[in-house]
Every structure is written in structure tokens, then in C-alpha cells.
Amino acid sequence: MKPAAFEYHRPDTLDEALALLAARAGEAKPLAGGQSLIPAMNFRLARPGVLVDLNRLAELAYVRPAEGGLRIGAMTRQRVVERSSAVQGAAPLLAEALPFVAHPQIRNRGTVGGSLAHADPAAELPAVMVALAARFEARSRSGSRTIPAAEFFTGLFGTALAPDELLVEIALPPLPARSATAFLEVARRHGDYALVGVAAVVTLDERGRCREARITLLSVGGGPVLAAEAARVLAGQTPSEDVVRAAAEAAATRDADPPSDIHASAGYRRHLAAVLTRRALVRAFERAGHVA
Amino acid sequence: MKDRVAAQMTVNGVPCERAVEPRLLLSDFLRYELGLTGTHVGCEHGVCGACTVLLDGEAVRSCLMFAIQADGHEVTTVEGLAPDGGGAGSESLHPLQAAFREAHALQCGFCTPGILMTLVPFLRDHPSPNEREIREALSGNLCRCTGYQNIVAAVKLACDAPPPPPPSPSLRR
Amino acid sequence: MIVEGTFTFQGPRETVWELLQNPDVLVKVLPGAKRLVRAGEDRFDGVMQVGVGPVTAAEFTVSVMLKDKVPPQYYAMEVDSKGTLGFTRGSARVALEVLADGGTLMKYTAELQVGGKIAGVGQRLLDQVAKLMTRQGLEALNKELRARLAGGSSR
Amino acid sequence: MRRNEDARLLTGRALFVDDVQVEGMLHVAFLRSQHAHACLRTVDVAAARRRPGVVAVYTAADLGDYWRPGPLLVPPPPIAGLVFNACTQLPLARDKVRHVGEPIAMVVAESRYLAEDALDDVMVDAEPLAAVVDVEAALAPGAPLVHDHLPSNVAAHVVQRKGDYGRARAGAHATIRRRFRYDRGASAAIENRAVAAQWDPRAEELTVWDTTQAPIPIRNGLASLLGLLESQVRVIAPFVGGGFGPKIMMFYPEELLVPWAALRLGRPVKWTEDRQENFYATTQERGQVHDAELAIARDGKILGVRDVFLHDTGAYDPYGLTVPINSQCTLLGPYDVPTYESEFTAVFTNKTIVTPVRGAGRQHGVFVMERLLDFAAAELGIDRAEIRRRNLLRPEQFPHNHEIIFQDSAPLVYDSGDYAPALDEALRIIGYERFVRDEQPRLRAAGRHVGIGVVCYVEGTGIGPYEGARVTVEPSGRVRVATGVGTQGQGHFTAFAQIVAEVLGVDVERVHVITGDTREFHWGTGTFASRGAVVAGSACHAAALAVRERILDVASRHLEAAKQDLELADGHVRVRGAPDSAVSLGELALKANPLRGAVRPGTEPGLEATAYFGPARGSTANGVHAAIVEVDPETALVEVRRYVVVHDSGRVINPLLVDGQIQGGVAHGIGNAFYEQLVYDENGQLLNASFMDYLLPTATDVPPVETAHRETPSPLNPLGVKGVGEAGAIPTGAAFAQAVEDALSDYGVEITEIPLSPNRLFELITQAGRGGAGGRPKR
């Protein structure tokens with residue numbers, strides 16, 4: 001289990017990195033934390049011909065409060081984000097989800113941007129970003145553009161990034177008033193890929209009814225699944241046990257199209273999706289100050 | 001650039017420079033280029049944790065990094081834990097190593113270096129952890145022999161022991 | 001592994017049939033196909049390069065045998081591929097039905113064996129990858145079909 | 001008590017095989033079959049040979065006379081009517097491959113990276129064949145054949161009987177009949193296998209470093225195969241990172257080929273298995289299907305058991321029948337079973353070879369018996385603990401002859417035991433009565449699903465044939481102990497030192513133990529079957545006693561005192577009551593090795609003795625496991641709340657080591673019960689060949705184990721000890737199944753299979769509930 005040979009570049013600046021990607025588009029693979037890419041290379045499942053190592057791009061490693069929300073540089077280590085008091089304050093959902101991402105040794109090295117660009121359907125961060133309606137900044141030599149998280153993920157390991165583009169920053173908008181969040185997942189062991197996970201953001205109106213619910217599920221489709229049907233069930237409703245249960249059923253049966261693997265059949269995943277959505281919603285509504 | 005590239009780093013407080021092939025894993029570099037075979041390799045896909053070392057004081061999987069990526073950084077391996085590399089007597093062990101010995105926290109000892117290197121920064125950040133925290137901190141390291149119970153006991157023992165002096169330069173923050 | 005489903009093409013059955021038997025078309029629509037040549041009456045040989053997520057540029061040599069053809073409504077095929085990452089062997093049955101709106105309904109069932117490294121370490125994703133590649137291939141074929149009907153190739 | 005070996009292990013100084021680096025060393029990678037079953041047409045290695053950095057590439061054709069099937073390691077025991085078809089593994093596949101991962105070609109290169117690069121260059125033309133995967137389908141008429149020269153896939157067929165089960169059944173109040181499954185697992189030592197070899201042309205000596213549990217048999221076998229004197233081959237098993245069975249003297253292909261290549265190339269050669277190879281090429285265990293029946297009286301007394309089972313032996317069967325015979329014999333457990341009829345068929349399949357893994361088939365037998373008793377208890381309305389108590393063998397029934405043959409070819413006779421107090425103690429520690437009476441009803445009323453399981457087991461340990469040890473007092477006063485068994489973490493360095501230290505009256509830390517180096521000691525077999533402490537420990541004890549006699553002889557002359565007036569303590573001999581008379585063992589060692597002058601005729605120099613120990617048969621340890629679990633029926637996740645083990649392995653040499661063995665065993669057992677399953681698809685492809693998908697339990701999955709010891713000495717060895725290496729792993733599945741079933745009693749879930757993943761438990765809950773996602777309670 002040794003990686004195949006590759007051509008290695010380690011730019012010191014973002015511009016240099018973008019120039020390399022432009023020059024070797026389609027051939028060059030960016031290396032962020034490497035905690036998914038390097039195992040794949042050790043198995044020789046991945047054999048990139050050219051690696052562009054982003055680890056020297058200190059300019060992409062930051063967590064900054066901005067406009068009531070947060071801006072996170074793509075090369076910020078997951079562990080730094082997890083420990084950041086700014087994140088705990090402005091994006092508790094992200095802070096709650098990060099401990100589920102593998103293990104501390106992996107998060108010490110793994111980056112936020114790397115995980116998002118990898119777009120594993122079982123990964124926590126894509127689901128969290130979609131639930132939080134994050135906006136991603138992608139940059140290439142020809143300029144930069146902003147991509148809403150929900151449009152960034154295009155299916156199994158697919159993203160909206162062009163081969164010469166890098167994800168450079170994640171902007172998290174502030175949570176609206178009377179909002180709360182919850183993250184839950186079921187994995188075989190602590191730190192494993194989730195069999196199913198749920199990230200929920202709920203916002204109440206002045207009368208305690210659900211104004212908006214952004215629920216995303218992971219490991220039940222090709223990418224993070226935004227549960228639109230479940231949100232529809234909740235919209236305008238006072239979050240009672242029945243309403244929450246109906247929303248959870250909608251998420252599991254109408255929003256999710258889960259795959260089967262050796263750890264969980266599609267049926268078990270669907271069932272877990274209902275259970276976890278219900279539990280996550282209950283927790284989020286409680287945190288939002290609603291007592292059912 | 002498939003050829004060798006110069007990598008300069010500090011390993012256990014000692015500066016070193018080698019020309020490495022970019023694909024050389026840090027684990028293999030430490031073991032075969034530097035002869036620091038205390039860092040063990042159990043899976044090479046980042047699950048077992050046996051290869052855990054400190055990079056600038058934080059625990060990382062050395063099988064999931066290329067040696068060239070440690071260029072300019074400080075690496076600490078299990079050989080760098082005890083003040084003089086661990087001579088014959090227990091007085092030369094790091095307090096955590098001594099606690100492992102005291103609590104019978106190792107059997108075959110193969111996973112042990114990775115577990116020690118995981119726990120050193122954990123205990124720096126959590127000087128008096130509870131059982132739950134200890135087990136979660138350990139959950140990225142596989143041990144087939146001990147059932148983890150005595151490892152948890154050793155951590156508790158180490159917490160009761162006086163705090164360790166900074167044993168090597170790279171452990172200081 | 002079983003992959004089955006239906007797909008609706010916006011075009012007449014005869015044209016769909018014709019495209020499905022044409023290696024020059026198939027090489028364009030099959031995800032990752034680099035080469036596909038007719039190696040016999042009902043046999044195609046080729047090379048595919050599959051890249052999904054962490055798996056980049058896995059090259060497979062592929063051979064396809066068509067069988068039991070009932071133009072333009074039914075055929076079966078046997079597909080063999082192999083490469084350093086593993087192999088696949090499978091058989092598929094494809095039926096085409098004329099729809100009232102002039103379109104064509106394809107019903108397909110494939111039974112696929114996967115072996116080697118991709119089976120040993122890729123199980124979590126096999127199901128989804130198979131579905132994804134099938135869908136991508138069929139959508140590309142439909143696009144090609146519509147381009148032809150509109151009077152040209154998609155390129 | 002600190003372990004003597006720990007300082008080296010904790011500081012990274014301990015030598016493991018992959019740490020061996022010698023100037024000029026070459027590295028090996030193997031090209032392995034992607035197919036479970038295929039005819040090999042051609043293997044073209046020309047391109048690989050041309051790749052820069054590649055030194056040699058070998059296929060079966062290149063091995064010449066060296067190509068021959070491996071040895072049959074354990075011939076079957078003498079059981080009447082036994083059928084056994086020996087098909088041992090091949091160094092490199094020649095005409096056919098029989099499991100995924102079987103080696104086809106060997107690449108030797110300047111680095112492992114380059115060797116792996118060259119694997120891509122090897123062109124294999126293989127014609128896939130239908131694979132034999134399921135043991136029942138394997139025996140169906142017309143099934144494809146794993147070995148073409150045999151008429152079927154039957155590897156072995158064995159029937160053993162005790163008494164007349166048919167008659168017992170006719171008189172039974174009830175019969176309980178179920179089908180049980182226990183699926184495959186991996187040993188998953190964290191250190192993968194490794195072999196390094198170096199030929200020294202000047203000394204004409206071959207040194208082989210090998211992650212083996214049995215260096216002496218490997219040395220003997222290699223010498224014979226390579227045409228060398230045994231004294232020309234030195235096999236060293238240095239520190240070994242966990243054994244658990246598969247590192248026994250397997251004569252794995254890699255073990256044979258690496259030394260051969262080192263000789264042929266005249267350069268040191270090393271191969272280290274990677275984790276992926278480990279999942280295909282290191283032997284595995286645990287695939288059995290049992291159809292079992294228990295005949296029981298109204299009062300819960302066992303009248304007899306009938307069990308017919310299929311055992312999946314994988315593609316080859318070099319390890320004979322050890323595993324299924326263990327299953328067959330261990331099923332009887334600690335119980336008085338008057339009649340028994342057991343029949344098994346071992347079946348060849350296109351899967352990795354099956355050999356013992358911690359427990360070695362014993363857990364399968366325990367699972368069947370314990371589950372049958374649970375179902376009987378429910379049927380008869382008897383408490384689960386009580387039905388066990390009523391059937392336990394009583395102290396006056398020992399030695400107890402079960403009238404069948406055990407894996408060591410000796411009759412299955414339990415040497416000693418006192419079973420009921422162990423059960424009582426386990427029930428007391430876990431608070432069985434209070435839990436069943438108060439806690440469980442209270443928690444259930446609060447909507448929580450908690451359950452308890454209590455199971456009993458025996459473990460046949462410490463089998464022969466023999467081990468030896470040499471004890472030497474050095475002039476420094478330090479003591480050297482050399483023995484042949486390898487050590488993989490059991491603490492032999494310390495346990496053997498303790499045994500010798502106690503006899504010689506020296507500090508344990510002054511006793512230096514050397515194991516696993518054939519130059520130091522070359523008689524013996526190896527570490528397996530929980531026998532290290534029993535057999536090698538007894539040999540150490542015997543050698544220490546002999547040295548003690550020599551010490552007393554020399555001291556008696558020196559101190560001019562009668563031997564019976566001398567005492568050994570603190571590394572000195574002194575005349576009792578005369579503290580000033582003390583003379584150190586070091587001084588005596590010098591006196592026993594005079595460099596000038598005459599000695600009395602017949603005197604042997606030095607304070608040294610070698611002794612051997614071979615038990616008449618194995619000693620039988622026993623114990624009880626009790627567990628409390630909580631199940632979330634909505635998610636089908638299970639949490640182990642408490643785990644109690646009461647174990648009796650005779651006299652305990654070192655409680656710390658014994659507890660460590662049990663804690664590790666329970667973790668292994670919990671893995672087998674809930675996390676670990678090698679999943680093969682219908683074509684013989686292993687679907688979880690990595691630690692991402694093959695789930696070893698982690699620190700958050702394993703509960704603290706509460707242990708208690710009872711000590712019923714074994715009469716079969718002077719130390720009175722019994723083995724303990726596998727005890728923790730044996731009854732865990734049965735305890736787990738009972739506790740989960742109890743926790744879900746209002747769903748009516750019945751558990752007859754292990755491992756039990758959440759996915760499978762979800763299916764069982766759903767089926768039991770009949771309708772409604774996740775099922776609904778019956779009551």
C-alpha cells in the first residue's frame with residue numbers, strides 16, 4: 001500500500017496555486033489535508049499525475065467573524081474550527097458536527113475546504129453547510145465566483161468546481177432570530193462514516209410557529225440531501241409531536257433515496273433517517289425555545 | 001519533479017535534512033530513512049492510529065502525509081518522549097510511559113507508540129479528563145490486545161502523577 | 001449487484017436501437033469510455049477510464065458481446081472489464097418499448113459482479129457508482145438522440 | 001508487578017520484524033488473484049522484469065523443485081470413521097487460483113514502492129470459474145469443485161458419540177431445536193505479518209526474522225525444504241505485534257518464498273504484509289452453520305444434545321480439524337451431558353484459509369449450547385441462571401471423561417473444576433437478582449430496553465506435546481531463561497521470570513527471559529491453544545528446580561553445610577539462622593565454572609539446567625460471563641452497560657497478566673459479536689478488506705470488564721495452572737445474544753446468529769414486530 005509516483009508542487013501563494021491548476025487543468029489534483037486523498041493513493045485507487053499541495057497557503061487558513069456570520073478559509077484545519085469560540089458562538093451546528101468527523105488525528109490535518117471539495121456523500125461538513133445556507137467562494141485564474149452550498153454539491157463526489165478552480169472561502173450567514181440547530185448521526189463506531197446523519201436548522205416566528213426548517217441528511221443519496229418535503233410539512237406549523245413525526249416521515253420517504261451497503265440496507269437507512277430527523281427536529285425546536 | 005526533493009525538518013529536537021521522493025510517506029521516512037522504527041505502521045489508510053506522531057505538537061497520522069510535507073516542521077516520535085530516549089530504568093520514562101508500565105496498559109506493544117503520541121497532546125489540553133473523554137480521545141487508535149481498559153487506567157494514573165517536565169523541545173508550545 | 005431501472009428517450013425506438021448498436025456513439029456517451037471498436041459481428045472491445053471521487057483514472061479494458069437480438073425491441077449483452085483495480089463481469093437485458101408520445105421506454109436489468117480492489121475497499125460506493133454511471137450514460141445517449149433528431153451530432 | 005519487556009516497547013526500542021533493516025535489503029510485493037476461483041492460463045512477467053529497480057520476478061514456474069504444496073501441520077486425531085482430505089496451500093498458484101488474494105507472482109525490487117509499481121506490469125490471463133462460497137451450496141450436487149481431484153467439496157467428515165442420544169430424546173420432556181450461524185472474522189493483529197531473511201555466505205547461515213508464534217517448527221521446516229542443516233537456519237520471532245492464532249507455524253507462501261529468494265539472490269530480502277493483503281492472505285476463522293437439538297427433562301436437566309454442523313475451512317485445510325473439533329468438544333461446556341451426538345462436515349470454499357483464531361472454534365460450540373439452554377429455560381419457565389446451575393458438573397465428578405476425542409488426540413477429560421461457585425460469584429457481582437427483580441422492571445416502565453445475559457463456558461487449554469527451557473545463573477548473579485515459544489504480548493518475559501525467580505529466590509527484574517530465537521533454544525513447538533504459561537511455564541519451573549539443586553550442591557560444599565540447612569533469598573544462599581554466611585548466586589556461578597584445577601568426575605559446569613515438560617493432556621479452565629446491555633430499538637444500536645467475568649484458570653501466576661488477557665479477549669469477543677464480520681459476496685469477493693469497513697471495536701465500544709478469579713489448581717502440571725489466552729473471547733457472543741434478546745423481550749426477537757450488526761438487529765426487530773418501521777412491542 002504505497003502510493004504511485006506523481007509530480008509534486010507546493011506553491012507558497014494562492015496565485016501560484018491557481019496558475020499551476022490552470023496550466024495543468026484536468027491533470028493536477030489539489031492536495032488539502034489529504035486525509036481522504038492519501039488513503040486512496042495508498043490503495044492506488046487514486047493516481048493523480050500531478051499534486052498541487054495547498055498546505056503552504058497560510059492565507060487560506062482563518063476563521064473570521066463577518067456580517068454577523070463567519071468567514072472560514074478553505075485551508076483551515078477542522079480541529080481549529082472545532083475549537084474556535086467564534087464558531088461555537090455563530091455556528092453551533094458546525095461545532096456540534098465536527099466531533100463526528102473521524103478522529104482528532106484526522107481533524108488536526110483535515111481541512112474544511114478539503115472535505116467540502118471532496119464531497120463524500122457520507123461526510124458531515126457538506127450537509128452542515130447546506131443546512132446553514134453557506135456560500136462558497138471559488139477562485140480561478142480568471143476570477144472568482146460565489147456558489148450557494150446547495151448548488152455546489154452536484155451528486156456523488158461531484159461539485160460545481162471547474163478543474164482549474166479552488167474553493168477558497170466558506171461564508172456562513174448569521175442565523176436568523178429565533179433559530180436553533182441540531183446535528184445527529186448514527187455510525188457503527190465513533191468516528192466512522194455515518195450510516196445516516198441529520199443537520200437541522202429551524203427558525204420560529206413570533207408566535208412559535210415554524211417559519212423555516214432547513215434539514216439536510218447525509219449518507220442517504222449522492223450528496224447532502226436538502227429535505228424540501230420535510231420543510232414543507234413544517235412550514236407555518238406549530239411544532240407538535242405529530243408535525244415533527246410527519247416531517248421526519250417525509251424526509252425519509254420522499255426526500256431520501258438511500259443506498260445499500262454492507263453496513264446498512266436502504267431500508268434501515270430510510271428508517272434511521274426518519275428516527276434521526278425526528279430527534280434532531282425535537283432537539284432543535286427545544287433549543288429554539290419551543291417546548292412541545 | 002518526480003525526482004527527489006530536499007526536506008528539512010526537526011525530528012525529536014534534532015534538525016535533519018534528506019532528499020526524498022515526493023511519494024515517500026512520512027511513516028516510511030521516519031522508519032527507514034531516519035531509523036526511528038518506534039513509529040509503527042498498521043494499516044496505511046488512517047484507521048489504526050499506530051503511526052501517530054506529533055507534527056508541531058499535534059497528533060497526526062504519519063501514513064497520511066508525505067515526508068516532504070513535514071518540510072519546515074517539527075516532528076516528534078515515540079523515541080522523543082522520554083528525556084534520554086528511555087534508558088534502562090523507569091526514571092528515564094516520560095510520566096505517561098511510566099503510567100502505561102505501571103497499569104499494564106500494553107501487551108504486544110505494537111499500537112502503543114501511536115497511542116502515546118495521541119495522548120500526549122490530549123493530556124496537555126485536558127489535564128484532568130473523565131473516562132468518557134479519555135475513551136473518545138483513544139477512539140482513533142486500535143488496540144487488539146488490551147481491551148483498552150488498562151490504557152484508560154494508565155491515563156488516569158498519569159493525571160494523578162505530577163505534571164511532566166517538557167521532555168523535548170518540540171513538545172513545548 | 002443488480003442494477004435495474006427504466007429510462008425514457010425522447011425519440012423513436014428505431015433510432016434509439018440504432019444508437020445503442022453503434023460503437024461510435026457509445027464511446028461518446030459511456031462515462032469514461034476512451035475507445036470502443038467493433039471486434040466482430042456483435043462484439044465491441046474498448047478501453048474505459050473510470051473516475052469517481054477518490055478513484056481517479058482507473059483504466060479498464062472492456063469487451064461487450066450482444067446476444068439474443070430482436071431488433072428493435074430487445075437485446076442482451078455480456079460485459080467483461082478488467083484492470084489493475086479489479087474487474088467487472090456482468091450480463092444485462094435491455095427492452096425497448098414504443099411510447100404513445102413517440103418516445104421510447106427502456107427497461108434494463110443488469111447483474112454485475114465486481115472483483116478485486118474495487119470490491120474490497122469500494123463496497124460503500126459500488127451501489128451508487130453503478131447507478132450514477134448508468135444514469136450518466138443514458139442521459140448522454142438521450143442528448144445524442146435529440147441532437148440527431150434535431151439534425152446533427154451533439155458535437 | 002511491572003513487566004520486564006515494557007520499557008523497550010514504550011520507548012520504541014523493541015525490535016519488530018519490519019524494523020529489521022540490513023544494508024542492501026530488497027523488498028517484495030506479491031501479485032495476488034483478483035478472482036476467487038479461476039483457471040490460470042498465462043502469467044506474463046516480462047514487462048515487470050524490465051522495470052528499473054526490479055531485481056527479480058518469480059512465478060510458480062520459476063520455483064522448480066521448490067514448488068510443492070505446504071505441509072499438513074496438524075494431522076487429524078484418531079477418530080473412528082473419520083474422513084479427511086488434505087489439500088494444503090501452494091507457494092504460488094500454478095494452474096488455478098482458489099481464493100481472492102492467493103499469490104500468483106512475487107516481485108523483488110529495490111524498494112516496496114518500486115515493487116508495487118511493477119505489479120501493474122504483470123499480465124495475468126485467467127478464466128473465471130463459478131465460485132464456491134456458501135457451505136450448503138458447496139455440498140449440493142453439481143456444485144463447482146474447489147479441488148478438481150476430489151469428488152466433492154468435502155474436506156472432512158467426523159462423527160463423535162457419547163451414549164445413546166436417540167433413547168435420551170425419546171424420554172425427554174421437550175426438545176429444543178434451532179439453526180445457528182456464526183460467521184467469519186479476522187484475527188486483525190495490529191502488526192501485519194512480515195518475513196525478512198539474510199544469507200551469510202561466510203558463516204553459511206540463514207537468518208530469518210518472522211512474525212511467527214512458532215519459530216522452531218518454522219526453522220525445522222525451512223531447513224528441510226532448503227536443504228540446509230537445522231543448525232544453519234536461525235529463525236527469530238522478535239517482538240510480535242499480536243498473534244491471535246494466524247501467526248502460528250503456517251508455512252505461509254511468503255514465509256517459504258522470502259528465505260528462498262534471499263538464498264537465490266544472495267541479498268537480504270524483506271516482505272511486510274500490508275493491511276489489504278492481511279485481509280486476503282492471513283488465515284481467518286469462524287464460518288459454521290449448526291442444526292442443533294437439546295433433549296431436556298421437565299426439571300431442566302439436560303438429557304442429551306445432537307448437533308450437525310457445517311464448517312467452512314476455506315480453500316485449503318493445512319491446519320487439519322483443530323477448529324471444528326474444538327467446536328464439537330467445547331459445546332459440552334461445564335455441563336453434565338449424558339448423551340451427545342455430533343457430526344460435522346468441513347467444506348472447501350473459495351475463500352481464505354481457515355485456521356484457529358483466538359477461541360479457535362470454541363465460541364461456536366459455546367454459542368450453540370448456551371442458546372439452546374436459553375430457549376429451554378424459556379420453554380420450561382425456569383430462570384436462565386437456574387437451568388445452568390442444575391446442569392453444572394459437580395466437584396466430585398472430576399476428572400470427568402466426556403468419552404470423545406479432543407483436538408490434541410487425547411480423550412476429552414476435564415482435569416479439575418468447581419463450577420457452581422463461579423456462577424454464583426458472577427451473579428453476585430453483576431447483581432443478577434436485583435437487576436431482574438427491581439432494576440429491569442423499573443427501567444422498562446421508563447421505556448428503556450435493558451437486558452441481562454449470563455453464560456458459562458469451559459476452555460480446553462495447555463495441550464501438549466511439550467516445551468522446554470534452559471535456566472542459567474550468570475556470574476553477575478542475573479539469571480537467563482531461554483525457551484522456544486514465541487511471545488506476542490502475553491507477558492511471557494515476566495511470567496516466566498516470576499516462576500524462575502520464585503524458585504531461585506531472586507528479584508524478578510534480575511531474570512532475563514529470551515523467547516523466540518532458535519539459536520537460544522531449539523526444542524519445542526510454539527505459542528497456541530492458551531498453552532504458553534502452562535507448558536513452557538512448567539518447563540521453566542522444572543529447569544529452575546534443577547538449577548536450584550545445583551546451586552544447593554555447590555553452596556553446600558562452599559559453606560560446608562547440609563543442603564537442607566540452606567535457604568535461597570535475595571539472590572543469595574545462606575545457612576538458615578546464620579545471615580553472615582550468605583554467598584551470592586553470582587559467586588556460586590563462578591565456583592561452578594572453575595578455570596583451573598580439577599573437578600570431581602562427572603561434574604557439569606555452571607549453574608545451568610535444561611528441562612522439558614509435556615502434559616498428559618490439556619487442562620480445562622472454566623468461567624462465567626455476565627453482561628447488561630441497553631438497546632435502542634429505534635436505531636437498533638446496542639450499548640454494553642456492564643460486563644463481568646469470573647474465570648478459573650487454576651493457579652494464577654500474575655493476576656495483572658491474567659486480567660489483561662481477559663479484558664483483551666472480551667474486546668475481541670465483543671468485536672465478533674457485534675462489529676466484525678468478513679462479508680463475502682456470492683462470487684467469493686471479500687467486500688470489507690480494510691479497516692474502514694471491517695470494524696474493530698475501539699475504546700468507545702468496549703466496556704470496562706469487571707473480573708474475579710477462582711483458583712482450582714490443575715493436577716496435570718506442577719504449577720497447577722491452566723491457560724487463559726482465549727477465555728475472554730469464547731462466550732462473549734452467547735452472553736451478548738442472551739442479553740440483547742432479554743432487552744428486547746417485549747418484541748419477541750430470537751437471536752440465533754453472530755455477528756449481530758445493527759442492520760441485522762433492525763431486520764430482526766422489524767420481522768418480530770411484523771409491520772411498522774422498526775417493529776412495535778408485542779405487549
Side-chain angles (χ1 to χ4, degrees), chain A residues 1-12 20 24 28 31-56 58 77-80 82-83 98-111 114 187-193, chain B residues 1-7 20-28 32 41-73 114-115 117-122 125-126 132-133 135-142:
Chain A
M1 287 188 50
K2 309 296 182 191
F6 50 83
E7 187 183 313
Y8 178 75
H9 298 273
R10 40 175 177 172
D12 289 310
L20 276 163
R24 311 294 294 269
L31 171 64
Q35 303 299 284
S36 296
L37 178 58
I38 298 180
M41 291 176 69
N42 289 355
F43 279 115
R44 297 201 180 204
L45 292 171
R47 300 183 188 208
V50 180
L51 273 189
V52 177
D53 186 346
L54 308 179
N55 283 281
R56 293 193 166 191
R77 309 282 170 196
Q78 291 158 4
R79 197 85 164 127
V80 170
E82 178 186 352
R83 289 170 168 175
L98 272 164
F100 290 96
V101 180
H103 302 285
Q105 298 101 319
I106 300 289
R107 300 198 293 277
N108 277 334
R109 195 77 194 143
T111 64
R188 286 301 318 267
R189 300 170 304 182
H190 184 84
D192 280 343
Y193 287 113
Chain B
M1 278 237 283
K2 282 183 183 170
D3 299 322
R4 288 167 184 260
V5 188
V20 297
E21 204 188 346
R23 66 166 161 168
L24 183 68
L25 296 171
L26 179 60
S27 46
D28 286 341
Y32 308 124
V41 170
C43 74
E44 291 177 304
H45 52 280
V47 183
C48 81
C51 69
T52 303
V53 299
L54 304 188
L55 182 77
D56 299 329
E58 299 293 347
V60 298
R61 313 280 206 215
S62 62
C63 76
L64 297 190
M65 271 185 72
F66 300 112
I68 186 65
Q69 294 187 287
D71 184 37
H73 295 272
I115 289 182
M117 301 319 281
T118 296
L119 288 172
V120 164
F122 168 71
D125 299 340
H126 305 80
R132 186 85 226 152
E133 290 167 329
R135 286 185 178 268
E136 278 180 12
L138 282 169
S139 67
N141 290 79
L142 297 177

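Quick caveat: nothing in here was measured; it's all calculated off a predicted structure.
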Quick one: closest heavy-atom pair of A:Ala5 and B:Glu21, and the distance?
-> CB-OE2, 4.3 Å
Top residue by heavy-atom pair count (under 4.5 Å) with chain B, among A:Asp53, A:Asp192, A:Leu37, A:Leu51?
-> A:Asp53
Worked check of side-chain contact (heavy atoms from CB on, under 4.5 Å) between B:Glu44 and A:Lys2 = CA-CA 8 Å; B:Glu44 291 177 304; A:Lys2 309 296 182 191; 2.6 Å; yes
Looking at residues at least two apart in the chain, or sitting in another chain, which of them share a side chain to side chain contact (heavy atoms under 4.5 Å, CB included) with B:Thr118?
-> A:Gln105, B:Thr52, B:Asn141
Side chains of A:Met1 and B:Leu25: closer than 4.5 Å at any heavy-atom pair?
-> no
Taking the side chain as every heavy atom from C-beta outward, state whether B:Phe66 and A:Met41 have any atom pair closer than 4.5 Å.
-> yes
Please confirm whether the backbone N or O of B:Val60 pairs with a side-chain atom of A:Asn108, one donor and one acceptor, at under 3.5 Å?
-> no
Between A:Ile38 and B:Leu64, what is the shortest heavy-atom contact and its length?
-> CD1-O, 3.2 Å
Side chain, backbone, both or neither of B:Leu24 within contact of chain A (heavy atoms, under 4.5 Å) | neither
Where is the tightest heavy-atom contact between B:Pro22 and A:Phe6, given as atom of each residue plus distance?
-> O-CZ, 3.5 Å
Which of A:Asn55, A:Val50, A:Ile106, A:Asn42 touches chain B most, by non-hydrogen pairs under 4.5 Å | A:Asn42
Using salt bridge (charged side-chain N to carboxylate O under 4.0 Å, His left out) as the criterion, list what pairs up with A:Arg109, not counting sequence neighbours.
-> none
